[in-house]
Amino acid sequence: MKTFYVTTPIYYANSLPHMGHLYTTVVGDFLKRYKRQRGYETYFLTGTDEHGTNIERASARAGRTPRAHVDYVVGELKKMFGAYALDSEHGGYDIFMRTTEPFHYEGASEFWRRAAARTTPKGRENIYKGFYEGWFCAPCATFKTEAEMIPAAEEGGPPLCPIHERPLDKVSEESYFFRLSDYDEVLLELYEARPDFVRPEARRNEVISLVRGGLEDVSISRLKSSVSWAIPVPDDPQHTVYIWFDALLNYITALGWGSAERRAQVGEDLFEKFWPGVHLLGKDILRQHAVLWPAMLLAAGVELPRAVVAHGLWLDQTGRKGSKTLGNALELPTLLRHFQVDAVRYFLLREMSFGQDCKVDYEVILERSNSDLASGFGNLVSRTLTMIHKYFDGVVPLPDINEGRRLLAKRAGVDSDAQELSTSLELMRDQFLLHVDDYAFHRALEAAWGMIARVDKFISDAKPWELARDEEQRETLGAVLYRSAETLRWLAVLLYPVMPESARAVWKQLGLEGDPQDFDPARLSWGGLRAGERVGEVAPLFPRIDKAKTMSEIEKEIAQRKEAEAQTSPPPSTTQEGAHATQAAVPGAPTAAGTQPAQPPQTGATEAGAPPEGVATYISIEDFVKVELRAGQVLTAERVPKSDKLLRFTVDVGEPEPRQILAGIAEHYEPEKLVGRKLVIVANLKPRKLRGFESQGMVLAASVGEEGRPVLATFTEDVPNGARLK
RNA sequence: GGCGGGGUAGCUCAGCUGGUCAGAGCGUGGGAUUCAUAACCCCAAGGUCGGGAGUUCAAGUCUCCCCCCCGCUACCA
C-alpha cells in the first residue's frame with residue numbers, strides 16, 4: 001500500500017495556541033485526510049518542541065517546573081486541536097509528538113552518535129568541539145549576530161534583541177559544532193536534482209542563493225550548566241543538545257528511528273514504512289528545514305525527506321504579521337466562539353494562496369462564511385433537499401427521463417441526459433485533485449465552488465417550482481433534482497478533507513450510507529446516488545451570520561481582553577507571534593578567528609527612526625561628539641582575497657598599534673597608490689568582521705553620483721596621525 | 001548592493017509558451033424570481049493591465065530602462 005507521511009513543525013511549547021499553529025495543522029490534517037481517501041496509508045505528525053532556555057524561563061515566570069509548563073501548553077494545544085477536529089479522536093493526527101518523550105532522547109542520542117561517527121562529504125568529522133561566544137536571546141533561543149541586534153541603550157549595556165526588544169545575554173561556552181559548511185555542494189546538488197524538494201519555487205530560489213553564499217558551521221550544544229532543560233549530549237554529560245538539532249529529529253524519532261523503545265510501541269517497521277515524509281512549515285523556519293535538516297540527515301546517512309513545503313504567514317489588514325502585543329492577531333477562542341469549525345478550516349485553505357502571505361481579520365472570515373458557505377454550498381444543499389422533500393416526499397427521484405417525455409424536458413430547457421453536467425463534474429474533480437497535489441488548495445476549492453455556481457444556475461434555469469405545477473413534467477423535475485443531489489454527493493466526498501463534519505452532514509442529509517472519507521474522489525462516477533432512497537432531514541449547514549451583531553460582539557470581546565490584559569499581566573515578553581515554534585534561527589558559528597567577544601553594537605546599525613530623506617534634522621552637539629573622527633595614515637593597503645570590493649588597510653591613528661580597517665572601495669582605488677595617504681577615520685566605531693578580517697574603524701569617503709562612487713576624505717595641510725576632528 | 005516575488009476593476013486576486021486576455025469572486029447599484037439560509041439567477045464598473053521606450057501584422061503576455069511594495073541575502077564599516 002502506498003504510504004504518505006506528513007508533518008507540521010513541532011510547536012515551541014512556550015506560548016499558547018495561535019493562528020500559526022492552527023493553520024499549519026489544518027493543512028496537514030487536510031492532506032492526511034485527502035491522501036487517505038486516495039488510498040494511501042497515512043501518518044500525520046504534529047506536536048511540541050519542549051526544550052531550551054526559553055521554556056526554562058517561561059516556566060520560571062509562570063512559577064512552574066519546565067515539565068509542568070510544557071504539560072500545560074500541550075494541554076492547551078490539544079484542546080484547540082480537538083476543537084478543530086485535528087486530533088486522533090477526530091481522525092486527525094496520528095501522533096502528538098513531544099521532544100520530552102524518552103524515546104526521543106534515545107533516538108536523538110543515537111542520531112548524534114551516528115553523525116559523529118561519520119564524516120562529511122569533504123571527509124572531515126561531522127561534529128567537533130569548539131568554543132562559542134556571543135550574544136544570546138533567550139526568547140529567540142538563538143545567538144544573535146551583530147547585524148541582528150539593536151545597540152545598547154546606555155553605554156556598556158547589553159544590546160537588545162530586535163524582535164523582543166530585550167537585553168541579550170552574553171554567553172560564552174564550549175560547544176559542539178556541526179560541520180554544516182562542508183555540505184554546501186551536496187545540498188546544491190540536491191536542490192538541482194530534485195526541483196520539488198523545496199516548495200514553492202520562490203522559496204527554493206531563496207534557499208539556493210543562501211547556500212551558494214556559503215554555509216557556516218552551527219553550534220549544536222550548550223553547556224548543561226547554562227541550559228539544563230535539554231537532551232544530554234551522548235557521552236558528554238556536561239553538554240546538552242541545542243534545541244534545533246533536537247527538534248528536527250522528532251520527524252524520524254516519532255517513527256521509531258534510533259529507538260528500540262519506540263519501535264516496541266509502534267512496530268518495527270513504522271519508519272521504513274512512512275519515511276521519507278513531507279514537511280509543512282512556515283516560511284520563517286525554512287532554512288532549518290531546507291538546509292540544516294537535510295545536511296543532518298546526510299551526516300547520519302538517513303534518507304532525505306520527500307519535500308519541504310513552506311507556506312506564508314497570516315497578516316493583519318495593514319500587512320503586519322499578527323502578534324499578541326500589537327493586538328492584531330486573531331484570537332482562537334474568539335474564532336471558535338463565533339465561527340463554525342468547518343468554516344474556519346475552509347477559510348484557512350481557501351483564502352490563502354498557498355505559499356504567499358495573506359491578510360486576515362474576523363470580518364473577512366465572516367464574509368467568506370456567509371457568501372461561500374451559507375449562500376453557496378449550504379444553500380444549494382438546502383434548496384435541493386427541500387425540493388426533494390416537497391415534491392418527492394423525501395425520496396430520491398429517478399435520474400432519467402423517459403423517451404416519450406424528452407421533448408417536454410427540452411421545452412423546459414432541460415437536457416434529456418445528464419451528460420453535460422456529469423462531464424463538467426468530472427472536469428472539476430480532476431482540477432481539484434490536480435491543484436491539491438500541487439499544494440494549490442485555494443485553487444482546488446475555487447474549482448469546487450465553480451461547480452456550485454453552475455448547479456445553482458442550472459436549477460434557476462430549469463425552474464423546478466414551475467415544473468412541479470405540471471404533472472407532465474414530473475420526470476423532468478425529478479431529473480433536475482437528481483442531478484443537483486448527485487452533485488452534492490460528489491462535493492461531499494471532495495470537501496470531506498476540508499470540512500469533515502459538514503461533509504458527513506451532507507452525506508447524511510442525502511440519505512447515503514457509509515462515510516465520505518471512504519470514497520476516493522478520483523473514482524467518483526456519475527449515478528452513485530440511488531433513486532428511491534429516502535433522503536435525511538434538512539438542516540442548515542452553515543447558518544448565515546448576522547454581520548453587524550457578530551462584529552460588534554467581537555469588537556467588544558477584543559476591548560475586554562485588552563482591558564483585562566492591561567490590568568492583570570505585565571507586558572508580555574514575547575512580541576512576535578511566529579507561525580511556529582522554534583522560531584529562532586540557528587546560531588551563527590564561530591568565525592575563523594574563533595572566539596572574539598561580541599562588541600557592543602555600533603550606532604547606525606539600524607535605520608529605525610532615520611529622518612525622511614532630504615529633510616534636515618538636527619542632532620545635538622552631544623550626539624556629534626560621540627563620533628570620534630581622527631586623522632590617520634595608511635601604512636599598508638591590499639586587496640582582500642576573494643573580495644571584489646574590500647581593501648584591507650593598516651592605519652596609523654597615533655596609537656601604539658596601527659589599526660586594521662576594511663573599506664569597500666577596491667573597485668575605485670588601487671591599494672598601492674594609497675599607502676602613505678592621510679585619511680579621516682571613525683575611530684570609535686564598533687569593530688566588525690568582514691570576510692574574516694576585523695575592521696577596527698571606518699574610512700570616510702564622499703559618495704558621488706548615483707552609483708555612489710567613493711572619494712576618500714583627506715587633508716590639504718599636514719596633520720599629525722591621531723588628530724581628532726571636531 | 002545582489003537574488004527572488006509582486007505591482008491588472010473599490011477589495012482579494014486569475015490571466016501558461018504573445019493574437020475573444022481585458023477576466024473571476026466579494027462588495028455596491030438595478031432587474032427578475034420564490035425551491036432555498038433576504039439565499040439563487042440576470043444586467044451594470046467603461047480598470048492608461050505601475051511608468052516609459054522597443055520588438056512584432058499583433059503585448060498585462062517578449063526585450064530594455066525607470067518607479068514602488070514584499071521576501072531572502074550581503075564584502076553597504
Side-chain angles (χ1 to χ4, degrees), chain A residues 146-147 200-214 283-284 286-287 310 312-313 315 317 319 350-353 355-360 363-364 367-368 370-391 442-443 446 449-450 452-453 455-468 477 480-481 484 538-545 602 604-605 607 639-648 661-667 681-682 685-701 703 707-708 710:
Chain A
E146 289 171 24
E201 199 178 340
R203 296 294 156 209
R204 171 175 177 258
N205 295 338
E206 258 175 46
V207 170
I208 290 175
S209 73
L210 180 93
V211 176
R212 282 216 181 105
K283 63 178 188 182
D284 51 337
L286 178 61
R287 316 168 57 135
L313 273 24
L315 310 174
Q317 284 305 319
R350 172 63 184 83
E351 190 75 5
M352 184 177 268
S353 291
Q356 290 180 283
D357 290 349
C358 187
K359 295 176 182 174
V360 233
E363 196 173 330
V364 183
E367 273 164 5
R368 270 263 177 239
N370 275 352
S371 62
D372 293 8
L373 300 176
S375 306
F377 188 41
N379 182 243
L380 180 60
V381 173
S382 174
R383 67 193 304 207
T384 301
L385 291 170
T386 303
M387 285 191 278
I388 290 178
H389 276 290
K390 200 162 183 167
Y391 303 137
H442 61 297
R443 296 293 193 92
E446 213 168 44
W449 258 255
I452 291 172
V455 174
D456 261 332
K457 183 170 164 51
F458 167 68
I459 293 175
S460 298
D461 290 348
K463 301 187 181 65
W465 49 96
E466 284 182 11
L467 299 174
L477 173 63
V480 168
L481 295 182
S484 177
V538 190
L541 279 180
F542 298 99
R544 171 160 296 273
I545 301 167
Q602 63 209 18
E607 288 183 44
R639 287 177 185 280
V640 171
K642 286 189 279 183
S643 165
D644 300 331
K645 293 186 183 172
L646 281 184
L647 289 184
R648 181 168 73 94
I661 295 179
L662 282 86
I665 58 171
E667 289 169 321
I681 65 136
V682 182
L685 199 54
K686 183 186 67 162
R688 166 158 168 182
K689 203 154 297 165
L690 295 168
R691 282 272 137 175
F693 294 99
E694 185 174 89
S695 183
Q696 301 158 327
M698 173 174 165
V699 170
L700 249 46
S703 181
E707 79 280 22

Tell which nucleotide pairs with B:rC40, taking only Watson-Crick or G-U wobble pairs whose two distances are both under 3.5 angstrom. none

Need to verify one output field. Residue with the more 5' nearest nucleotide on RNA chain B, A:Ser209 or A:Val381? A:Ser209

A:Asn205 has its side chain closest, among B:rG4, B:rC41, B:rU73, to B:rG4

When the P atoms of B:rA39 and B:rC16 are considered, how many whole Å apart are they? 35 Å

Say we look at B:rC49 and B:rA24: how far apart would their C1' atoms be, to the nearest angstrom? 15 Å

Please list, for nucleotides 11-15 of chain B, all pairs of protein and nucleotide N/O atoms separated by less than 3.5 Å.
residue, atom, partner, partner atom, Å
B:rA14, O3', A:Arg443, NH2, 2.9
B:rG15, OP1, A:Arg443, NH2, 2.7

Using both distances under 3.5 Å as the test, list the Watson-Crick or G-U wobble partner of B:rU63, or none. B:rA53

Once you apply a heavy-atom cut-off of 4.0 Å, does A:Leu286 come out as touching a base, just sugar-phosphate, or nothing? nothing

Same-atom distance (P) from B:rG27 to B:rC11, integer angstrom: 16 Å

Could you tell me whether A:Glu351 and A:Lys359 have a side-chain N and a carboxylate O separated by less than 4.0 Å? no

For B:rG4, give its Watson-Crick or G-U wobble partner with both distances under 3.5 Å, or none. B:rC70

Watson-Crick or G-U wobble mate for B:rG25, both contacts under 3.5 Å: B:rC11

Polar atoms only, N or O, under 3.5 Å: list the protein pairs with nucleotides 42-45 of chain B and their distances.
residue, atom, partner, partner atom, Å
B:rC42, OP1, A:Lys457, NZ, 3.4

What interatomic distance, in whole Å, is found between P of B:rG7 and the corresponding atom of B:rC62? 12 Å

Output one line per pair: protein atom, nucleotide atom from nucleotides 28-36 of chain B, and distance, for all N/O pairs under 3.5 Å.
residue, atom, partner, partner atom, Å
B:rC35, O2, A:Arg383, NE, 3.2
B:rC35, N3, A:Arg383, NE, 3.4
B:rC35, N3, A:Arg383, NH2, 2.7
B:rC35, N4, A:Arg383, NH2, 3.2
B:rA36, O3', A:Ser382, OG, 3.4
B:rA36, O2', A:Asn379, ND2, 2.7
B:rA36, O2', A:Ser382, OG, 3.0
B:rA36, N3, A:Asn379, OD1, 3.2
B:rA36, N3, A:Arg383, NE, 3.4

According to the Watson-Crick and G-U wobble definitions, with both distances under 3.5 Å, which nucleotide is paired to B:rU17? none

